[in-house]
Asker: 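Questions regarding the structure given below will be posed in turn.
Sequential numbering from 1 along the given sequence is applied to the chain's residues. These values consider heavy atoms only, across backbone and side chains, with no hydrogens, waters or symmetry-generated copies.
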Amino acid sequence: MLIKLPSASDSRESDVTPESIYLSRRTLLGSSMAGLAMAGLPHWANAGEPSRYADVEPGRAPGWFNDKLGSLQWQAVTVKDEAVTPYKDATHYNNFYEFGPDKGDPAQNAGSLKVEPWSVVIDGEVAKPGRYALEDFIKPFQLQERIYRMRCVEAWSMVIPWIGFPLAELLKQVEPTSKARYIRFETLKDPQSMPGQRSGFALIDWPYVEGLRLDEAMHPLTILAVGMYGRELPNQNGAPLRLVVPWKYGFKGVKSIVRISLVNDQPRTTWQSLAPSEYGFYANVNPTVDHPRWTQARERRLPSGLFSPNVRQTEMFNGYGDEVASLYSGMDLRKDY
Ligand SMILES: Nc1nc2c(c(=O)[nH]1)N[C@H]1C(S)=C(S)[C@@H](COP(=O)(O)O)O[C@H]1N2
Ligand SMILES: [Mo]
């Protein structure tokens with residue numbers, strides 16, 4: 001068992017678990033964190049308490065995020081014995097084609113994304129549709145830290161400490177009708193602030209769309225993230241709201257969400273539309289089904305260099321099989337890739 005789910009009674013307190021003490025000591029010992037002056041701390045850090053993660057750039061957390069941090073449940077789900085990817089890699093090696101095709105483009109260009117004010121539309125097969133200001137949308141939920149592996153179909157991977165809440169909690173609030181079988185997510189479409197939407201790169205029919213089956217969406221590992229590394233999401237990582245489904249390839253993790261729709265039919269996703277033979281709707285991490293251009297048997301765990309490629313075997317369902325394999329019993333995952 002590689003992860004633990006918190007029990008319902010584990011909530012509320014911003015408890016510092018032994019793992020997080022270990023983690024912060026490790027970052028203190030192992031890096032330039034030791035030399036970080038108070039003045040350099042992100043402004044959300046409490047005086048005297050260094051960031052849990054090394055080298056985190058100060059952000060501009062909106063008020064609602066800071067209000068929530070005090071009750072955040074740290075390390076609710078973690079990855080055992082695998083180092084968290086350095087912040088620098090997680091924020092400078094990105095896929096976010098709205099901001100350009102190269103891995104460094106999102107960090108360079110996503111500053112133009114205006115994340116405040118932000119609103120999210122919930123519609124389709126729900127008893128309580130509506131348009132919510134993000135702070136109202138987040139208000140009911142206790143934030144948790146979820147340290148998850150992330151595996152891109154391009155065969156690289158990271159370990160990222162997300163901050164978010166289970167998508168299931170949102171779904172319970174909006175009350176899907178009996179016709180709701182799938183959930184569809186849409187990224188912001190705004191060519192003015194998203195240069196990739198102006199350039200016509202990669203023939204993508206914007207906005208970026210992703211989807212899940214309703215039982216996948218209800219699974220306790222599926223979260224909507226609003227932060228990472230103890231702070232709000234950097235724009236290049238999908239601020240202010242993104243999906244994280246750790247047993248699926250990274251492209252399912254749709255960024256900068258503006259619309260969540262409960263639907264009856266399987267939604268047509270961006271990557272499926274582009275190349276149906278390469279990208280399926282399910283996109284479960286599966287080392288036995290290769291992508292035409294990349295083997296999926298192995299992955300490069302970032303940071304990865306010429307002399308230390310840091311290659312590891314890819315695990316079925318990205319190592320979350322104990323938790324999620326039952327969702328797919330009776331399905332042929334070669335056909336439903
Ligand atoms: N809107 C949008 N969401 C997106 C993408 C994108 O191009 N646009 N790229 C996806 C892909 S391919 C991956 S691997 C992850 C990368 O997330 P990260 O940059 O935070 O590591 O985001 C996913 N979500
Ligand atoms: Mo990806």
Asker: What distance separates Leu214 CG from Leu171 CG, expressed to the nearest 0.5 Å?
Answerer: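 Reported to 0.5 Å precision, the distance equals 6.0 Å.
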Asker: Any non-hydrogen side-chain atom of Leu212 less than 4.5 Å from a side-chain atom of Tyr182?
Answerer: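 Result no, sub-4.5 Å side-chain heavy-atom pair not found.
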Asker: Can you find a heavy atom in the side chain of Ile163 that is under 4.5 Å from one in the side chain of Leu72?
Answerer: yes
Asker: Looking at side-chain heavy atoms only, is the closest gap between Pro246 and Met150 below 4.5 Å?
Answerer: no
Asker: Does Val121 share a hydrophobic cluster with Val258, counting links as ILVMFWY side-chain heavy atoms below 4.5 Å and allowing steps through other members?
Answerer: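 Hydrophobic grouping puts Val121 apart from Val258.
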Asker: Do the side chains of Thr270 and Ile204 get nearer than 4.5 Å, heavy atoms only?
Answerer: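 A side-chain contact under 4.5 Å exists here.
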Asker: Considering non-hydrogen atoms only, spot the tightest contact between Gly319 and Glu315 and give its length.
Answerer: N-CB, 3.4 Å
Asker: I'd like to know if the side chain of Thr177 reaches the main chain of Lys179, judged simply by a donor and an acceptor atom lying under 3.5 Å from each other, with no hydrogens or angles considered.
Answerer: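 Flag set: sc Thr177 to bb Lys179 pair under 3.5 Å.
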Asker: Is the closest side-chain heavy-atom distance between Leu188 and Met194 below 4.5 Å?
Answerer: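 Of all side-chain heavy-atom pairs linking Met194 with Leu188, at least one is under 4.5 Å.
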Asker: So how far is it from Asp215 CG to Ser326 OG, rounded to the nearest 0.5 Å?
Answerer: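 Nearest 0.5 Å value for the CG-OG distance: 9.0 Å.
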Asker: Which residue, Tyr279, Tyr249, Tyr337, forms the ring-ring contact (aromatic ring centres under 6.0 Å, His included) with His291?
Answerer: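 Only one of Tyr279, Tyr249, Tyr337 forms a ring-ring contact (aromatic ring centres under 6.0 Å, His included) with His291, namely Tyr279.
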Asker: What closest approach, in Å, do Glu278 and Pro292 show between heavy atoms, and which atom pair accounts for it?
Answerer: CG-CG, 3.7 Å
Asker: For Leu221, is there any backbone N or O sitting under 3.5 Å from a side-chain donor or acceptor partner on Tyr148?
Answerer: yes
Asker: Do the side chains of Met218 and Tyr320 join up, straight or via other hydrophobic residues, at under 4.5 Å, putting them in one cluster?
Answerer: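 Yes, it is one cluster - the side chains of Met218 and Tyr320 are joined through contacts under 4.5 Å.
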Asker: Test side-chain contact (heavy atoms from CB on, under 4.5 Å) on Phe141 and Leu170 and set out the steps.
Answerer: CA-CA 8 Å; Phe141 308 112; Leu170 168 71; 4.0 Å; yes
Asker: For side-chain contact (heavy atoms from CB on, under 4.5 Å), just list the numbers for Asn95 and Cys152, CA-CA rounded to whole Å, side-chain angles, deciding distance to a tenth of an Å, and then say yes or no.
Answerer: CA-CA 9 Å; Asn95 281 334; Cys152 174; 3.8 Å; yes
Asker: Looking at Val244, is its backbone amide N or carbonyl O close enough to the side chain of Lys252 to form a donor-acceptor pair, meaning the two atoms are under 3.5 Å apart?
Answerer: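 Here the side-chain-to-backbone pair does not exist.
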Asker: Any donor-acceptor pair under 3.5 Å linking the side chain of Gln236 with the backbone of Thr91?
Answerer: yes
Asker: Asn286 and Thr288: side-chain donor and acceptor closer than 3.5 Å?
Answerer: yes
Asker: Could you point out which residue of Arg301, Arg151, Arg312 forms a side-chain hydrogen bond (donor to acceptor under 3.5 Å, both in side chains) with Ser157?
Answerer: Arg301
Asker: So, do Ile257 and Leu224 sit near enough that their side-chain heavy atoms are less than 4.5 Å apart?
Answerer: yes
Asker: With side-chain contact (heavy atoms from CB on, under 4.5 Å) as the test, would you mind laying out the steps for Ile147 and Trp162 before giving the verdict?
Answerer: CA-CA 6 Å; Ile147 303 182; Trp162 303 104; over 6 Å; no
Asker: Quick one: does Asn235's side chain have a donor or acceptor within less than 3.5 Å of a partner on Ala110's backbone?
Answerer: yes
Asker: With no hydrogens and no angle check, is any side-chain donor or acceptor of Gln272 less than 3.5 Å from a backbone partner on Thr269?
Answerer: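 Judged by distance alone, yes, a pair lies under 3.5 Å.
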Asker: Answer yes when Asp123 and Arg259 have at least one side-chain N-carboxylate O distance shorter than 4.0 Å, and no when they do not.
Answerer: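 A salt bridge links Asp123 with Arg259.
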Asker: Have a look at Lys248 and tell me which of Asn318, Asn284, Thr222 forms a side-chain hydrogen bond (donor to acceptor under 3.5 Å, both in side chains) with it.
Answerer: Asn284
Asker: With no hydrogens and no angle check, is any side-chain donor or acceptor of Arg60 less than 3.5 Å from a backbone partner on Glu232?
Answerer: no
Asker: Just say parallel, tilted or perpendicular for the rings of Phe96 and Phe99, cut-offs at 30° and 60°.
Answerer: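 Geometry flag for Phe99 against Phe96: perpendicular rings.
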Asker: Would the distance check show the side chain of Gln296 and the main-chain N or O of Val153 forming a donor-acceptor pair, the cut-off being under 3.5 Å?
Answerer: yes
Asker: Under a 4.5 Å cut-off applied to non-hydrogen side-chain atoms, are Lys68 and Gln142 in contact?
Answerer: no
Asker: Under 6.0 Å from the six-membered ring centre of Tyr282 and within 45° of its axis: does the NZ or CZ of Arg213 meet both?
Answerer: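 Judged by the rule (NZ or CZ under 6.0 Å from the ring centre, within 45° of its axis), Arg213 is not positioned above Tyr282.
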Asker: Does a sphere of radius 6.0 Å around NZ in Lys103 hold more than 12 heavy atoms from other residues, nucleotides or ligands, not counting ones at 6.0 Å or beyond?
Answerer: yes
Asker: Would Leu274 end up clustered with Phe185 when hydrophobic side chains under 4.5 Å apart are linked, directly or stepwise?
Answerer: yes
Asker: Minimum heavy-atom separation for Leu233 and Ala225, please, with both atom names.
Answerer: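 Between these two residues, the closest heavy atoms are CD1-O, 3.6 Å.
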Asker: After noting the C-alpha distance and the side-chain angles of Tyr229 and Tyr87, does the key distance pass the ring-ring contact (aromatic ring centres under 6.0 Å, His included) rule?
Answerer: CA-CA 7 Å; Tyr229 295 82; Tyr87 180 78; 5.2 Å; yes
Asker: Just checking Arg131: does its CZ atom have more than 12 heavy atoms from other residues, nucleotides or ligands closer to it than 6.0 angstrom?
Answerer: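 Atom CZ in Arg131 is not crowded, with 12 or fewer foreign heavy atoms closer than 6.0 Å.
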Asker: Side chains of Val226 and Phe137: closer than 4.5 Å at any heavy-atom pair?
Answerer: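 The answer is no; the side chains never approach within 4.5 Å.
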Asker: If you measure from CD on Glu169 to CD on Gln144, what distance do you get to the nearest 0.5 Å?
Answerer: 7.0 Å
Asker: Would Thr314 and Glu299 count as having a side-chain donor-acceptor pair, cut-off 3.5 Å?
Answerer: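 Thr314 vs Glu299: donor-acceptor pair found between side chains.
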Asker: Pairing donors with acceptors under 3.5 angstrom, does anything connect the side chains of Tyr208 and Trp271?
Answerer: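 Looking only at side-chain atoms, Trp271 and Tyr208 do form a donor-acceptor pair, the distance falling under 3.5 Å.
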Asker: Using atom types as modelled and distance alone, determine if a side-chain donor or acceptor of Ser261 lies under 3.5 Å from a backbone N or O of Val263.
Answerer: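 No, because the side chain of Ser261 does not come within donor-acceptor range (under 3.5 Å) of the backbone of Val263.
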Asker: Step through it carefully: locate the ring centre of Phe317, locate the ring centre of Tyr328, and say whether they are under 6.0 Å apart.
Answerer: yes
Asker: Test side-chain contact (heavy atoms from CB on, under 4.5 Å) on Glu175 and Val126; report intermediate values, then the result.
Answerer: CA-CA 5 Å; Glu175 298 174 16; Val126 282; 6.0 Å; no
Asker: Between Ala283 and Phe251, which heavy-atom pair has the shortest distance, and what is it?
Answerer: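 The answer is CB-CZ, 3.4 Å.
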Asker: Provide the closest heavy-atom pair for Val159 versus Ala83 in the form atom of the first, atom of the second, distance.
Answerer: CB-O, 3.5 Å
Asker: As an exercise, state the distance from CD of Glu116 to CH2 of Trp64, rounded to the nearest 0.5 Å.
Answerer: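 That separation rounds to 8.5 Å.
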Asker: For Asn66 and Gly63, indicate whether the former's side chain and the latter's backbone hold a donor-acceptor pair under 3.5 Å.
Answerer: no
Asker: With rounding to the nearest 0.5 Å, note down the distance linking OG in Ser256 to CG in Leu243.
Answerer: 12.5 Å
Asker: Check for me, please, whether Met331 and Phe281 land in the same ILVMFWY cluster - side-chain distances under 4.5 Å, paths through other members count.
Answerer: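 Yes.
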Asker: Can you name the closest pair of heavy atoms from Val56 and Tyr53 and give their distance?
Answerer: CG2-O, 3.4 Å
